[in-house]
Amino acid sequence: LGDDQVDEDFSEEFALKSPPQECWFHGKLDRTEAEMRLSEILTPGAYLVRQSVNSPDTYSISFISSQGIIHFRILFHTGSYFIGGRRFTCLSDIVGYYIGYSSIVASETLKIPVPPKQGFVNTQVRIIAIDSYTQSQETEELSFLRGDIFVILSEINEAWYWAKSNKTGETGMIPRDLFKDVTQEIDICAGKPWFHENICRDRAQELVSQEIRIGSFLVRAHETVNVYVLIVRGISGPLKFKIFKEDYYFLGKRPYTSIDEIVKHYKKEPIHENILLGSPIPKRYDQLPFDLPPIAPEDREKNLRTFKEKLRSAKMREKENILKSGTLSRKERVSFRTKWKPYCVQLHKDYKLVFKDSEKTTKAKHLLDLKNCSINHVHNSIYFKDHVFLLIDYSLIEKRTHLYLACQTKEEYDVWFDALRTAKDIASGKSQSNQNYKIVRNLT
């Protein structure tokens with residue numbers, strides 16, 4: 001794998017399909033227990049995915065290869081998952097990629113999911129906005145209204161969550177102090193723009209009948225547990241389709257991993273004759289299935305003061321956590337004709353190297369664990385450019401990611417190379433005594 005693929009989001013590049021998450025995700029699980037569960041299968045191609053017990057932003061694929069059990073680390077940062085130089089939007093897409101598009105070891109792919117013993121493990125935490133918020137301009141913040149539901153993807157710091165909106169599907173930063181946990185047993189679809197909570201059959205059909213736009217639709221929970229009804233505005237009236245939830249969601253005989261996937265599919269393929277799903281029908285009354293008392297003015301002011309205090313503290317902690325920061329340029333492809341692209345690069349105290357579009361952004365474009373990397377000088381005859389070094393990521397045993405990075409000056413180059421070399425040696429537990437680093441003189 002060359003460095004031309006480092007910044008691609010493979011979730012968008014391929015139509016990735018995987019078994020439902022409940023078939024292979026085991027939640028927090030240590031390495032020893034993972035190997036015990038896999039040893040009960042002892043079939044090459046069997047796999048499971050687990051979350052680190054000690055580091056919530058680290059996951060692993062535990063896989064039975066022809067050579068034995070191997071563990072592959074997945075790093076999570078601001079809504080993206082990184083493995084082997086590739087960036088994905090969710091764990092399911094990683095599984096789908098290594099099932100249908102790429103081998104994970106030599107010619108071996110993920111084949112047999114190993115389900116958790118305790119049944120489906122849902123680690124997602126849903127939260128509800130207790131007040132409305134308008135994002136600041138030119139930031140990665142999200143605007144939201146009181147009552148909107150989000151799923152926490154990660155805790156950035158004491159002031160911010162990185163979260164996904166149930167209403168829009170957008171991901172970004174939201175202030176922690178304006179949310180509380182959704183503790184009630186509310187439906188997993190709550191907050192989706194097409195899901196109408198606590199609506200009866202007659203009222204749902206009335207709303208659909210009032211629509212003049214063919215393809216307008218809504219989804220409601222059926223009176224029977226684990227059954228939903230998709231109601232679509234047809235040419236002559238409402239069309240009803242039952243969705244059954246088992247291990248998958250079934251509409252007819254076809255399985256889907258979620259109702260979101262059903263909606264996405266039938267926006268492109270006709271659900272009846274030539275009718276595609278159009279826009280969801282707006283909710284016209286209060287359908288929140290939980291109590292959300294109005295926020296008092298004094299509480300709003302208190303929340304704002306607390307947020308500002310946490311924001312100042314978070315900025316100080318962020319600066320303390322960064323060992324080195326600056327601008328480095330990287331080749332988009334291993335080609336003499338492509339340009340070098342500048343990135344804001346940050347070396348963190350946990351020896352992760354984070355690449356971002358600018359210093360003001362939070363979302364990572366790429367992430368490297370220096371523990372799994374080597375660093376080498378690059379001869380100026382390769383790109384006819386001085387001050388270039390090469391990082392090679394060995395996190396996947398037989399697939400390497402190459403990062404060619406360039407500095408503006410010799411002084412910058414020496415500082416960066418020394419900082420990365422020291423961090424890499426500490427992370428991998430090696431001695432820092434006079435090691436010889438080779439000079440790369442060709443691209444092979």
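Hydrogens, waters and symmetry mates are skipped; everything else that's a heavy atom, side chains included, is used.
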Note: Ile295 and Arg300 closest approach over all heavy atoms is CG2-NH2, 3.1 Å
Check: Step by step, would you call Ser55 with Ser52 a side chain to side chain donor-acceptor pair (under 3.5 Å)?
Finding: CA-CA 5 Å; Ser55 177; Ser52 170; 5.0 Å; no
Does a side-chain N-to-carboxylate-O contact under 4.0 Å join Lys360 and Glu140? no
**Message:** Contact between Leu396 and Arg86 at the side-chain level, heavy atoms closer than 4.5 Å - yes or no?
**Reply:** yes
When rounded to the nearest 0.5 Å, the distance separating NE2 of His196 from SG of Cys189 is 12.0 Å
Q: Using a cut-off of 6.0 Å, state whether more than 12 heavy atoms not belonging to Glu35 lie near its atom CD.
A: yes
*asked:* For Leu405 and Val388: C-alpha separation, side-chain torsions, deciding distance, then whether side-chain contact (heavy atoms from CB on, under 4.5 Å) applies.
replied: CA-CA 6 Å; Leu405 303 171; Val388 178; over 6 Å; no
When every non-hydrogen atom of Ala419 is compared with those of Lys324, the smallest separation belongs to CB-CD, 4.4 Å
Exactly one candidate in Trp160, Phe144, Tyr161 meets ring pair (Phe, Tyr, Trp, His ring centres under 6.0 Å) with Phe179; the answer is Phe144
Exercise for review: Check step by step if side chain to side chain donor-acceptor pair (under 3.5 Å) holds for Ser60 and His71.
Suggested key: CA-CA 6 Å; Ser60 293; His71 306 271; 5.8 Å; no
Note to self: Tell me whether the count of non-hydrogen atoms from other residues, nucleotides or ligands lying under 6.0 Å of CD in Gln135 goes above 12.
What the structure shows: yes
Next on the checklist: Can you see whether Phe307 has Lys310 sitting over its ring - NZ or CZ less than 6.0 Å from the centre and within 45° of the normal?
Outcome noted: no
In short, Ala34 meets Leu48 closest at the heavy-atom pair O-CD2, 4.0 Å
Do side-chain atoms of Lys363 reach the backbone of Lys356 as a donor and acceptor pair under 3.5 angstrom?
no
* To do: State whether the side chain of Trp416 and the backbone N or O of Cys407 hold a donor-acceptor pair below 3.5 Å, judged by distance alone.
  => no
- Task: List the steps and the verdict of side-chain contact (heavy atoms from CB on, under 4.5 Å) for Ile262 and Ile243.
- Result: CA-CA 9 Å; Ile262 293 175; Ile243 300 170; 3.8 Å; yes
Are more than 12 heavy atoms from other residues, nucleotides or ligands located less than 6.0 Å from atom CD of Glu298?
yes
Yes or no on side-chain contact (heavy atoms from CB on, under 4.5 Å) for Phe244 and Tyr228, after CA distance, side-chain angles and deciding distance?
CA-CA 7 Å; Phe244 297 90; Tyr228 297 86; over 6 Å; no
From the list Asp181, Val182, Leu153, side chain to side chain contact (heavy atoms under 4.5 Å, CB included) with Val125 holds only for Asp181
Here the gap from Leu142 atom CG to Ile174 atom CD1, rounded to the nearest 0.5 Å, amounts to 7.0 Å
Tell me, with the steps shown, if Thr361 and Asp357 meet side chain to side chain donor-acceptor pair (under 3.5 Å). CA-CA 7 Å; Thr361 59; Asp357 284 331; 5.7 Å; no
**Report entry** Pairing of Glu261 and Arg254 as salt bridge, 4.0 angstrom limit
**Finding:** no
Report yes if the side chains of Asn303 and Asp131 come closer than 4.5 Å at any heavy-atom pair, otherwise no. no
| query | Just wondering, do Trp194 and Ile259 contact through their side chains at under 4.5 Å, heavy atoms? | reply | yes
Strictly distance-based, threshold 3.5 Å: is any side-chain N or O of Thr168 a donor or acceptor partner for the main-chain N or O of Ser165?
no
Would you mind checking if Glu33 and Arg50 are paired as a salt bridge, meaning a charged N to carboxylate O distance below 4.0 Å?
no
Result for ring pair (Phe, Tyr, Trp, His ring centres under 6.0 Å) between Phe88 and one of Phe82, Tyr81, Tyr97 points to Tyr97
Open item on the list: Do Tyr59 and Arg73 make a side-chain contact, defined as non-hydrogen atoms from C-beta onward lying under 4.5 Å apart?
Closed with: no
Margin query: Run Leu420 and Leu353 through side-chain contact (heavy atoms from CB on, under 4.5 Å) and show every step you take.
Written below: CA-CA 9 Å; Leu420 293 174; Leu353 198 62; 3.7 Å; yes
Discussion item. Side chains of Leu110 and Ile99, heavy atoms from C-beta outward: is any pair under 4.5 Å?
Written reply: yes
Test: Lys410 and Asp414 ion pair at under 4.0 Å:
yes
Q.
For a 4.5 angstrom cut-off between non-hydrogen side-chain atoms, does Val49 reach His26?
A. no
query: Do Lys341 side-chain atoms and Ser329 backbone N/O form a donor-acceptor pair below 3.5 Å?
result: no
TODO: For Ser39 and Met36, indicate whether the former's side chain and the latter's backbone hold a donor-acceptor pair under 3.5 Å.
DONE: yes
* Under the 3.5 angstrom rule, does the side chain of Glu412 hit a backbone N or O of Gln408 as a donor-acceptor pair? -> yes
Just by distance, do the side chain of Asn166 and the backbone of Ala190 share a donor-acceptor pair under 3.5 Å? yes
**Asked** Any idea how His377 and Phe417 line up, ring-wise: parallel (<30°), tilted (30 to 60°), or perpendicular (>60°)?
**Response** parallel
Review point. Do Phe76 and Trp162 have ring centres separated by under 6.0 Å?
Key: no
Give a yes or no answer on whether the side chain of Ser103 reaches the backbone of Ala106 with a donor-acceptor pair at less than 3.5 Å. yes
Note: Glu22 and Pro116 closest approach over all heavy atoms is O-CD, 3.3 Å
| field | Ala406 backbone acceptor or donor facing Arg330 side chain under 3.5 Å | value | no
**Request:** Before giving the answer on salt bridge (charged side-chain N to carboxylate O under 4.0 Å, His left out), spell out for Glu158 and Arg317 the whole-Å C-alpha distance, their side-chain angles and the decisive distance to 0.1 Å.
**Result:** CA-CA 10 Å; Glu158 59 264 45; Arg317 289 178 183 272; 3.2 Å; yes
Would you call Arg421 and Asp418 a salt bridge, using N to O less than 4.0 angstrom? yes
- Please work out which of the three classes, parallel, tilted or perpendicular, describes the rings of Phe355 and His366, given edges at 30° and 60°. tilted
- Does any N or O in the side chain of Glu108 come within less than 3.5 Å of the main-chain N or O of Ser66, such that one atom is a donor and the other an acceptor? yes
_Does atom NZ (Lys111) have a neighbourhood of more than 12 heavy atoms from anything else shown, all under 6.0 Å?_
no
Practice problem: Would you check if Lys180 and Ile127 make a side-chain contact, meaning some heavy-atom pair closer than 4.5 Å? | Solution: no
>> Counting only heavy atoms not in Lys352 (residues, nucleotides, ligands), do more than 12 fall under 6.0 Å from its NZ?
In response: yes
When every non-hydrogen atom of Gly191 is compared with those of Glu197, the smallest separation belongs to N-OE2, 3.1 Å
Output for pair (Leu277 CG, Tyr266 OH), nearest 0.5 Å, gives 9.0 Å
Self-check item: Salt bridge present between Asp148 and Lys167 (N-O < 4.0 angstrom)
Solution: yes
Rounding to 0.5 Å, atoms CG (Asp177) and CD (Glu309) come to a distance of 9.5 Å
- Task: State, yes or no, whether a side-chain contact exists between Lys267 and Phe217 at a heavy-atom distance under 4.5 Å.
- Result: yes
Of all heavy-atom pairs linking Ala46 and Val114, the shortest is CB-CG2, 4.0 Å
